[in-house]
Amino acid sequence: MKILLKNARRLSSVYKLEPCEILIEGNRIKQIKSAIRENADRNIDCNGNVVLPGFIDVHIHLREPGGEHKETIKTGTLAAAKGGFTTVCAMPNTNPVPDRKETLEKLVEKIKKEAKVRVLPYAAITKDLKGEELTNIDELVMAGAFAFTDDGVGIQTADFMLKAMKQAAASGKAIVAHCEDNSIVYGGVVHDGDVSNRLNLPGLPALSESVQIARDVLLAEAAGCHYHVCHVSSKESVRVIRDAKRAGIHVTAEVTPHHLLLNENNIKDQDSNYKMNPPLRAKEDQEALLEGLLDGTIDFIATDHAPHAEEEKSQGFLNAPFGIVGLETAFSLLYTYLVKTEKIKLHQLVDWLTKKPAEVFQLPYGKLDENTIADITIVNLEKELKINKETFQSKGRNTPFQDWIVSGIPVMTIVDGEIVFEGDMNG
């Protein structure tokens with residue numbers, strides 16, 4: 001199958017948008033030129049829209065198996081495709097947990113049958129995510145584990161984390177950590193600051209995150225392990241990671257779109273669509289996150305797409321589960337409120353969603369070059385729309401961005417040379 005993308009634009013080597021045409025043959029990009037004169041099975045007029053490498057998200061929740069009322073592999077990957085993501089990495093907080101070879105192998109088979117984009121599954125660090133018994137990391141690597149995490153809960157003892165890091169290092173895999181010291185969480189549901197006082201809700205201190213990162217970077221240094229920090233949220237955490245990188249420790253980190261775009265002041269009432277973990281923190285934390293992204297302390301952006309059923313999220317701030325959806329809105333929100341406001345450049349945003357996560361985890365994706373895998377996202381930078389959760393492909397409707405006006409809309413997504421999402425090029 002040959003696909004010819006005509007009348008497109010791409011980012012040049014000097015970050016200018018230049019005209020191009022792209023010929024896809026099988027699952028590879030065969031040619032990228034200003035004009036291609038070769039017959040194809042399908043010619044697609046891109047109407048001047050921008051072709052980008054397919055987006056990569058190393059932190060999402062697909063909920064299957066066990067949470068299919070929230071999301072499934074099919075609906076979650078349809079959402080990914082609509083948002084321009086071609087590769088996603090699924091967290092292991094499912095039921096059953098992928099904590100042994102047989103369970104992970106079944107999950108991999110299900111993914112092959114149901115997924116609309118490429119899905120790389122995490123395996124758990126500890127059995128049943130309980131922090132009590134380590135999994136067999138070597139066995140899980142052989143079964144297809146992308147990396148290892150107990151996402152959703154922090155590993156509470158240094159002994160367990162050190163042992164896990166040593167095993168992961170020997171297997172050439174990363175330890176990916178949701179950092180949270182349970183001894184200083186205090187039942188918090190919002191940031192311990194202005195918002196907790198204003199709404200009379202239990203506060204979740206930023207220190208619960210940063211102290212565990214500080215512990216873990218030293219453990220990672222001792223173990224010789226690649227240690228990756230999930231959803232960094234506080235200025236103290238940024239400082240710890242920056243210092244660790246300067247010391248030569250192999251630590252990497254991600255930040256979410258919602259922590260870049262929102263802070264505790266955006267929470268006006270007890271709307272649980274603003275309840276996520278880590279919580280939206282102070283304005284100075286938000287500013288530190290962007291600064292950390294710009295100076296390379298934070299390596300890239302990941303959504304932490306966390307769908308929940310509406311009846312679960314409607315239980316109020318104290319009882320509703322943590323998490324919001326993000327796959328379908330990430331690029332548009334970031335382009336509109338960071339690139340168009342000139343806080344960042346378009347090429348930086350693209351790198352943080354493609355090249356950087358691929359480099360950190362040594363993935364052969366995130367490129368738009370001849371003879372590379374044909375993972376391509378086409379974006380209409382001019383098109384505007386109002387975010388409407390009722391149009392989501394995801395089962396989750398839990399977003400704080402309802403009715404936000406955005407531009408930079410993904411209009412086509414190609415994975416491994418196959419079109420998996422097709423919107424309106426002209427709209």
Side-chain angles (χ1 to χ4, degrees), residues 3 27 44 49 52-94 107-122 146 256-257 301-310 312-313 323-334 353-354 357 365 373-380 383 385-399 401-402 406 408-425 427:
I3 299 172
N27 74 335
I44 298 173
N49 291 318
L52 301 170
F55 305 152
I56 299 168
D57 191 344
V58 304
H59 190 152
I60 74 162
H61 300 267
L62 291 177
R63 305 303 190 197
E64 186 175 7
E68 289 84 352
H69 67 290
K70 301 173 187 276
E71 192 78 285
T72 65
I73 291 167
K74 182 177 180 179
T75 59
T77 55
L78 282 170
K82 187 179 177 185
F85 289 91
T86 54
T87 300
V88 296
C89 304
M91 288 295 175
N93 50 348
T94 54
L107 177 59
V108 169
E109 285 304 309
K110 184 75 170 175
I111 286 167
K112 287 178 181 177
K113 292 176 183 176
E114 299 289 336
K116 303 303 178 183
V117 304
R118 186 180 299 106
V119 178
L120 308 177
Y122 283 94
F146 163 68
T256 70
I301 297 169
T303 69
D304 192 11
H305 174 81
H308 293 289
E310 286 200 73
E312 295 169 332
K313 269 296 194 179
I324 67 169
V325 292
L327 283 167
E328 294 172 70
T329 57
F331 181 84
S332 301
L333 284 164
L334 294 165
L353 290 171
T354 60
Y365 315 120
I373 293 168
D375 286 0
I376 298 172
T377 298
I378 304 177
V379 176
N380 185 330
K383 181 177 181 178
L385 56 75
K386 182 185 288 188
I387 291 175
N388 179 3
K389 63 185 181 181
E390 301 307 324
T391 66
F392 288 174
Q393 292 292 319
S394 172
K395 284 189 174 184
R397 301 289 185 264
N398 45 310
T399 176
F401 297 110
Q402 174 74 358
V406 292
I409 312 301
V411 291
M412 180 172 284
T413 306
I414 300 171
V415 179
D416 237 14
E418 294 188 13
I419 298 169
V420 296
F421 168 74
E422 191 165 0
D424 184 2
M425 288 283 187

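Computed from heavy atoms alone, side chains included, the values below leave out hydrogens, waters and symmetry copies.
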Subject >> Atom NZ of Lys389: over 12 foreign heavy atoms under 6.0 Å >> reply: yes
Original post:
Under 6.0 Å from the CD atom of Glu418, do we count more than 12 heavy atoms belonging to anything else shown?
Top reply: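 No, CD of Glu418 has 12 or fewer neighbouring heavy atoms, counting only those of other groups under 6.0 Å.
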Quick check for you: to the nearest 0.5 Å, what is the distance between [X] atom [atom1] and [Y] atom [atom2]?
X: Phe85; Y: Ile56; atom1: CZ; atom2: CD1; answer: 10.0 Å
X: Ile409; Y: Asp424; atom1: CD1; atom2: CG; answer: 12.0 Å
X: Asp57; Y: Leu120; atom1: CG; atom2: CG; answer: 11.0 Å
X: Ile373; Y: Thr86; atom1: CD1; atom2: OG1; answer: 9.5 Å
X: Lys116; Y: Thr413; atom1: NZ; atom2: OG1; answer: 14.0 Å

**OP:** Any chance you could lay out the side-chain contact (heavy atoms from CB on, under 4.5 Å) test for Thr399 and Ile324, step after step, and finish with the verdict?
**Re:** CA-CA 5 Å; Thr399 176; Ile324 67 169; 5.6 Å; no
Measure across [X] and [Y] and return the closest heavy-atom pair with its distance rounded to 0.1 Å.
X: Val108; Y: Pro121; answer: CG2-CG, 4.1 Å
X: Thr303; Y: Pro257; answer: CA-CD, 3.8 Å
X: Thr377; Y: Gly54; answer: OG1-CA, 3.4 Å
X: Val379; Y: Gly408; answer: CG1-C, 3.6 Å
X: Ala80; Y: Val88; answer: CB-CG1, 3.9 Å
X: Ala81; Y: Val420; answer: CB-CG2, 3.8 Å

Ignoring hydrogens and geometry, is there a side-chain-to-backbone donor-acceptor pair from [X] to [Y] under 3.5 Å?
X: Ser332; Y: Thr329; result: no
X: Asn49; Y: Met425; result: yes
X: Asn398; Y: Ala309; result: no
X: Asp375; Y: Asp416; result: yes
X: Glu71; Y: Ser394; result: no
X: Glu328; Y: Lys82; result: no
X: Glu68; Y: Gly66; result: yes
X: His305; Y: Gly326; result: yes
X: Lys313; Y: Arg397; result: no

**OP:** Go through the steps to decide whether Gln393 and Thr75 satisfy the test side-chain contact (heavy atoms from CB on, under 4.5 Å), and finish with yes or no.
**Re:** CA-CA 6 Å; Gln393 292 292 319; Thr75 59; over 6 Å; no
Non-hydrogen side-chain atoms of [X] and [Y] separated by less than 4.5 Å:
X: Arg118; Y: Ile111; value: no
X: Asn388; Y: Gln402; value: yes
X: Ile60; Y: Leu62; value: yes

**OP:** State which residue, out of Lys395, Lys70, Lys110, fulfils the salt bridge (charged side-chain N to carboxylate O under 4.0 Å, His left out) condition with Glu64.
**Re:**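 Single pass found, and it is Lys110.
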Subject >> Phe331 and Leu52: CA distance, side-chain angles, deciding distance, side-chain contact (heavy atoms from CB on, under 4.5 Å) verdict >> reply: CA-CA 12 Å; Phe331 181 84; Leu52 301 170; 4.2 Å; yes
Subject >> Step-by-step side-chain contact (heavy atoms from CB on, under 4.5 Å) determination, Val117 to Thr87 >> reply: CA-CA 6 Å; Val117 304; Thr87 300; over 6 Å; no
**OP:** Please work out whether the ring planes of Phe146 and Tyr122 are parallel, tilted or perpendicular, with thresholds of 30° and 60°.
**Re:**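 Phe146 and Tyr122: perpendicular rings.
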